[in-house]
Amino acid sequence: MDIRIFHKKDGGIIQLIDKEKMQDWPIELPLIFVEYIRSKKLDSYKDPQIKKEIEEYLNDITKDIAIPRMMSVLEGENEEEIILALIRIEELSNKNIEMVIPIKPYLENLINKKNKDIVSIAKNISNNFLKAERRKKLAQKRRVMREKEKEFLAGKINAEEYAKARKDYLTLKE
Amino acid sequence: MAKKEKNDKKELKAARELFNLYLQKEKEEKSIDLPKGTVKIDDLNRNETLERLYTIVDNTITKIYNTGRPSIQLPARTSSNIIWDEENDLLLLGEQIVEKQFHSLTSVADLTRLMRVLEIVNELLIKDIHATKREIFYTDVKLFTEQKNSDKSIEDVAAMLYTTRNSTHIVASAKGMCVGRLRIRDRNDIIDLEGLGSGGWMVSPMLDNIEIIESDAEFILVVEKDAAMIRLAEDRFWKKYPCIILTAKGAADIATRMFLKRLSKELNLPVFSLVDSDPYGHYIHSVYLRGSKRLSYESPFLATPNIKLLGVLTRDLDKYKIPEEVRLPMKPMDVKRTKELLKEDFVKKNKQWELDLSLALKLKKKAEIQALSQHGFEFLTNTYLPEKLTTGDWI
């Protein structure tokens, strides 16, 4: 079987490549595929039942193919392979950090390795996670800040409360 | 009014029924049961092709050691060795074999070219790279003299290895274009054929690097002309009607035919063609349907036997009130070609097709797809195609 067929309630179908075919893919590609379908296509399928079924299939791909393949390289002894894999992961993390989330728990182990290149790339990826986390927090604070601004202008909060929120926001921004 | 028409989405009832019928049926068998008297050609991966190549070279060396008079055998590609498989509606290669002697003056130039191409194929496969037919010619201009000689040797090598030309990593430049509800993988990249603007994706001649990874299409529409493709792309026809649209911009090249075959086989969707209402348009449809005589040995990998001729049919000219001024008179060559098509077994087998070509011959009229724009630029996408796909008005 090369393709998995998912039937929609309206009679339409979604066809997705069978996960076994991903065994021959470059190691980072199954993860990219999962994230691609999740972020770009899933919402367009509309039918909640089919979304659920496809989400389950994507989880299976991550669990059965993407992570084991990635780990077989990252936990292996071949340092050249590890470096190549990490370079691809770093490129991905620069483009879309969400795509490489499953790799996060393994980073610490890689940072403690003796090979300087491995350590350096693993640190870069780790930094990308930190930056992304910071961006997320900042966006949240910005939302809060906007609310506070509105409230302050409407006279719902006093200057002291507004100044406190502003200070929190600026501290994080710096 | 125009806005209202635009939002008026048809159910495409007949096309949906065909789609459901395909869904119920098992997916097309991986291998076709070939009739007796025909040879089997395989689509091979890199290692399998290399294995076959080495077997041939080993056998030749053994012959040199044993007899001192080596020769090479390959299937004959003459018209007398081309067989029409009625059941699968394909043109196939028969079992006639040609033997080329290394020591014969008549075949020595041919054989030297053939062995040179074999050597190049070996290099391409080992390095896992591809080359165009033109590049092969330029690797040894003195030996090949003209490109037709290297092209012939390339086809001979593929036939000798009983494989497709693509399996030898020699590709022809492709001119096809595809848009619509399809996502593919090209080595390390995921390509969304909905997100490439109205230009779409240029069909890659290196189809062994391409993999279909996702689609929510319900049919495939093959369009003869670039102009019609632009209309469909600009109207984003696939958004309204879930489909994949493909064009070879005229005569169908190998890569486009092979890509269509893969789409049809792997996604198991109904395929419709939209060509000019003239013998050339019908011929293009027939090449998608059952392959060309020259590449008959690759037919099982290039032909799409379930493709339906959606339009523009001769009977459509009256039905859709195409004005007389855009109906063109048939030239003597058109009449000759139509008569030739009517003599073909695959046309005789399809009564509706025979009737439509006979009607064209009677009226001595032809028309281009663009003639439909007499009713407005959006007539094709808003009326003609949805109506035909709803009523099942195809051949």
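What you see below is based on every heavy atom in this structure, not just the backbone, and it leaves out hydrogens, waters and symmetry mates. All chains are named by letter (A, B, ...) in the order of the sequence lines, taking the proteins before the strands, and each is independently numbered beginning at 1.
- What you find for A:Leu29 and B:Asn188 is that their closest heavy atoms are CD1-O, 3.4 Å.
- Taking the side chain as every heavy atom from C-beta outward, B:Glu194 and A:Lys41 approach each other to under 4.5 Å.
- Taking chain A as the reference chain and counting heavy-atom pairs below 4.5 Å, the highest number among B:Glu211, B:Glu218, B:Arg185, B:Arg16 is found for B:Arg185.
- Summarising the geometry, atom CG belonging to A:Asp2 is positioned 11.5 Å from atom CG belonging to B:Asn268; distances are rounded to the nearest 0.5 Å.
- Heavy atoms from other residues, nucleotides or ligands lying under 6.0 Å from NZ of A:Lys113 number more than 12.
- Heavy-atom distances place no part of A:Asp24 under 4.5 Å from chain B, backbone and side chain included.
- Atom NZ of A:Lys123 has 12 or fewer neighbouring heavy atoms from other residues, nucleotides or ligands inside a 6.0 Å radius.
- For B:Glu51, the CD atom is loosely surrounded, since the number of other residues' heavy atoms within 6.0 Å does not exceed 12.
- Annotation: residues 51-79 of chain A contacts chain B through no residue [non-hydrogen atoms, separation under 4.5 Å].
- Atom CZ in B:Arg183 sits 9.5 Å away from atom CG in A:Leu16 (nearest 0.5 Å).
- The nearest pair of heavy atoms linking A:Ile3 to B:Ile212 is CD1-O, 4.2 Å.
- In terms of heavy-atom pairs under 4.5 Å with chain B, the best-connected choice from A:Trp25, A:Phe33, A:Phe6 is A:Trp25.
- The closest side-chain heavy-atom distance from B:Glu214 to A:Ile37 is below 4.5 Å.
- One finds the CD1 atom of A:Ile17 at 12.5 Å from the OG atom of B:Ser215 (value rounded to the nearest 0.5 Å).
- Taking 4.5 Å as the limit, some side-chain heavy atom of A:Gln15 sits within range of a side-chain heavy atom of B:Leu269.
- Taking CD1 from B:Ile213 and CE from A:Met22, the interatomic distance works out to 7.5 Å, rounded to the nearest 0.5 Å.
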